[in-house]
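Structure first, then comments.
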Amino acid sequence: MRVKAAVAAVAAVLSLAACAPDQAKPTGRPVVVASSWAVGELARAIGGREIDVVDLLPAGVEPHDAELSPRQVDLLEDADLILHLGSRLQPAVAEVAGRQADGQAVDLLGGRTGDPHVWLDPLLWSEVAHRVGAQLAAIGADGAPARATGYRAGLTRINDRFRTGLAECDRRVFVTPHDAFGHLARRYRLVEESVTGIDPEAEPDPRRVADLVDLARTAGVTTVFHEPGVPDGPTRPVAGELDATLAPLDPLEVGAPGTYESRMGADLAALTSALGCRTP
């Protein structure tokens with residue numbers, strides 16, 4: 001289990017109490033609240049200096065864990081624009097965004113209720129980038145559409161790297177703690193098998209763990225992934241049964257050093273190593 005509930009909530013409140021007033025200091029520019037790290041990076045790249053982006057969550061707090069403090073609710077209600085990823089990932093944020101009166105709130109998933117981890121597929125994230133460009137232009141960031149075009153070109157290059165790097169591999173199955181990499185797996189013809197479903201807080205089911213060990217053994221899995229900075233409890237039993245290596249694979253859910261491109265590059269390196277991929 002990862003750190004949650006009271007610890008995460010208290011950390012979020014203390015961090016926001018310290019930094020949110022400075023982040024939201026009036027500058028005359030539209031204030032955009034980003035609901036997660038990936039959304040914030042996207043908004044900053046596309047909005048440039050024409051907007052002020054405020055991160056709703058402090059570094060280290062996952063979107064799944066978000067329990068909003070009064071200060072965070074005020075931040076959302078006062079924003080000119082809220083960019084979020086729907087109720088499946090962040091129900092508390094989506095609820096406040098749904099009643100937001102002073103500005104606009106945009107569900108970047110367009111109301112889709114499936115797997116919300118679209119940022120792990122560069123081409124799906126490119127669609128989101130296009131949407132963000134249009135939304136930021138609507139609140140006064142005139143250069144946003146052009147910057148969105150440039151950002152999307154970068155995402156196309158990242159997709160090309162993944163497509164090439166994962167084309168020829170000894171294995172196609174990889175094991176993760178929770179189901180975050182489904183979009184990525186489908187895009188590059190891989191198969192993700194997770195200990196739990198989309199909810200990372202779900203208790204591992206012993207029968208699922210046993211079945212997963214059998215499946216992974218049949219697929220020749222030699223590496224089992226855990227999330228960086230998170231206890232590896234969910235996947236350690238699987239790795240132990242398989243005598244497999246435990247290695248990090250980043251779902252990019254929390255703020256951490258690096259850019260989207262660099263963090264995705266690290267994931268590509270981890271996958272190519274674990275799956276025995278060969279560079280053409």
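Source: prediction; values computed, not measured.
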Exercise for the section: Taking the side chain as every heavy atom from C-beta outward, state whether I51 and V31 have any pair of such atoms under 4.5 Å apart. Expected result: no
Exercise for the section: Answer yes or no: is there an ion pair linking D55 with R44, defined by an N-O contact shorter than 4.0 Å? Expected result: yes
Exercise for the section: Using a 4.5 Å cut-off on heavy atoms from C-beta on, say whether the side chain of L42 contacts that of V128. Expected result: yes
Practice task
Hey, could you give me the CG/CD distance between D179 and E192, rounded to the nearest 0.5 Å?
Solution key: 4.5 Å
Practice task
Not counting sequence neighbours, list each pair that qualifies as a disulfide bond (SG atoms under 2.5 Å apart) and has a residue in residues 236-265.
Solution key: none
Problem - L242 with V195, same ILVMFWY side-chain cluster at under 4.5 Å - result: yes
Fill in the blank from the handout: Those residues at least two apart in sequence (or on a different chain) that pass side chain to side chain donor-acceptor pair (under 3.5 Å) with R161 are none
Practice task
Applying side-chain contact (heavy atoms from CB on, under 4.5 Å), name anything that partners D211, two or more places apart in sequence or on another chain.
Solution key: R207
Handout entry: Pairing residues for Y151 by the ring pair (Phe, Tyr, Trp, His ring centres under 6.0 Å) criterion, not counting sequence neighbours
Key = none
Practice task
Establish whether I158 and L190 are linked, either directly or via other cluster members, by ILVMFWY side-chain heavy-atom contacts under 4.5 Å.
Solution key: yes
Handout entry: Pairs involving residues 268-280, ordered by first then second residue, that meet side-chain hydrogen bond (donor to acceptor under 3.5 Å, both in side chains) (sequence neighbours left out)
Key = D170-R278
Practice task
State, yes or no, whether a side-chain contact exists between L271 and F174 at a heavy-atom distance under 4.5 Å.
Solution key: yes
Fill in the blank from the handout: In this structure, CG of D243 is separated from OG1 of T222 (nearest 0.5 Å) by 10.5 Å
Practice task
State, to 0.1 Å, how close P116 and L85 come at their nearest heavy-atom pair, and which atoms those are.
Solution key: CB-O, 4.3 Å
Exercise for the section: Take R157 and D160 through the test salt bridge (charged side-chain N to carboxylate O under 4.0 Å, His left out) and record every step on the way to the result. Expected result: CA-CA 5 Å; R157 290 191 292 271; D160 290 343; over 6 Å; no
Exercise for the section: Starting at CG of L166, measure out to CG of L268 and round the result to the nearest 0.5 Å. Expected result: 5.5 Å
Practice task
Apply side chain to side chain contact (heavy atoms under 4.5 Å, CB included) to the pair V32 and L136, showing each step before the final yes or no.
Solution key: CA-CA 9 Å; V32 177; L136 295 183; 3.9 Å; yes
Exercise for the section: Quick one: which residue pairs count as a side-chain hydrogen bond (donor to acceptor under 3.5 Å, both in side chains) with a foot in residues 260-271, not counting sequence neighbours? Expected result: D250-R263, T259-S262
Exercise for the section: Just grab all the ring-ring contact (aromatic ring centres under 6.0 Å, His included) pairs involving residues 209-250, residues at least two apart or on different chains. Expected result: none
Problem - Single-linkage hydrophobic cluster, 4.5 Å side-chain cutoff, V173 and F181 together - result: no
Exercise for the section: Might you confirm whether atom CZ of R208 has over 12 heavy atoms from other residues, nucleotides or ligands at distances under 6.0 Å? Expected result: yes
Handout entry: Within-4.5 Å side-chain heavy-atom neighbours: L57 and Q90
Key = yes
Handout entry: Donor-acceptor contact present, side-chain R163 to main-chain Y188, <3.5 Å
Key = no
Problem - Approximate separation, where rounding is to 0.5 Å, of R29 CZ and R49 CZ - result: 9.0 Å
Exercise for the section: Would you name the heavy atoms of A94 and G86 that are closest together and state the gap between them? Expected result: CB-C, 4.0 Å
Handout entry: Listed once per pair and sorted, the disulfide bond (SG atoms under 2.5 Å apart) pairs that draw on residues 214-280, sequence neighbours left out
Key = C169-C277
Practice task
Report the C-alpha distance between V106 and H84 in whole Å, list the side-chain angles of each, state the deciding distance to 0.1 Å, and finish with yes or no for side chain to side chain contact (heavy atoms under 4.5 Å, CB included).
Solution key: CA-CA 6 Å; V106 178; H84 67 100; 5.8 Å; no
Completion exercise
Looking only at heavy atoms, the pair that brings V33 and L75 closest together is CG2-O, 3.7 Å
Exercise for the section: Rounded to the nearest 0.5 Å, what's the gap from CG on L184 to CG on L124? Could you check? Expected result: 10.0 Å
Could you give the side-chain donor-acceptor pairs of residues 213-221 under 3.5 Å, partners two or more places apart or in another chain?
| from | atom 1 | to | atom 2 | distance (Å) |
| --- | --- | --- | --- | --- |
| R217 | NH2 | E241 | O | 3.1 |
| T218 | OG1 | D214 | O | 3.0 |

Handout entry: Qualifying side-chain hydrogen bond (donor to acceptor under 3.5 Å, both in side chains) pairs, either residue in residues 119-128, two or more places apart
Key = D121-R187, S126-R152
Exercise for the section: Measure the spacing between OG of S36 and CD of E41 and express it to the nearest 0.5 Å. Expected result: 10.5 Å
Exercise for the section: Report yes if the side chains of H183 and L120 come closer than 4.5 Å at any heavy-atom pair, otherwise no. Expected result: no
Problem - Shortest non-hydrogen contact from E50 toward D142 - result: OE2-N, 3.0 Å
Problem - ring-ring contact (aromatic ring centres under 6.0 Å, His included) contacts touching residues 232-255 (sequence neighbours left out) - result: none
Exercise for the section: Determine whether V53 and I139 fall in the same hydrophobic cluster, where Ile, Leu, Val, Met, Phe, Trp and Tyr are linked whenever their side-chain heavy atoms lie under 4.5 Å apart. Expected result: yes
Exercise for the section: Treat each ILVMFWY residue as a node, draw an edge where side-chain heavy atoms are under 4.5 Å apart, and state whether L246 and V238 are in one component. Expected result: yes
Practice task
Decide yes or no for S35 and I82: does some side-chain heavy atom of the first lie under 4.5 Å from some side-chain heavy atom of the second?
Solution key: no
Completion exercise
For I46 and A129, the nearest pair of non-hydrogen atoms, with its separation, is CD1-O, 3.6 Å
Practice task
Kindly state each residue pair satisfying disulfide bond (SG atoms under 2.5 Å apart) with at least one member in residues 121-153, sequence neighbours excluded.
Solution key: none
Exercise for the section: State, with a plain yes or no, whether a side-chain heavy atom of Q135 is found less than 4.5 Å away from one of Q104. Expected result: yes
Practice task
Find out whether R172 and L275 are in side-chain contact, i.e. whether some heavy atom of one side chain is under 4.5 Å from a heavy atom of the other.
Solution key: no
Exercise for the section: Identify the two heavy atoms, one from P204 and one from V209, that lie closest to each other, and give their separation to 0.1 Å. Expected result: CB-CG2, 4.3 Å
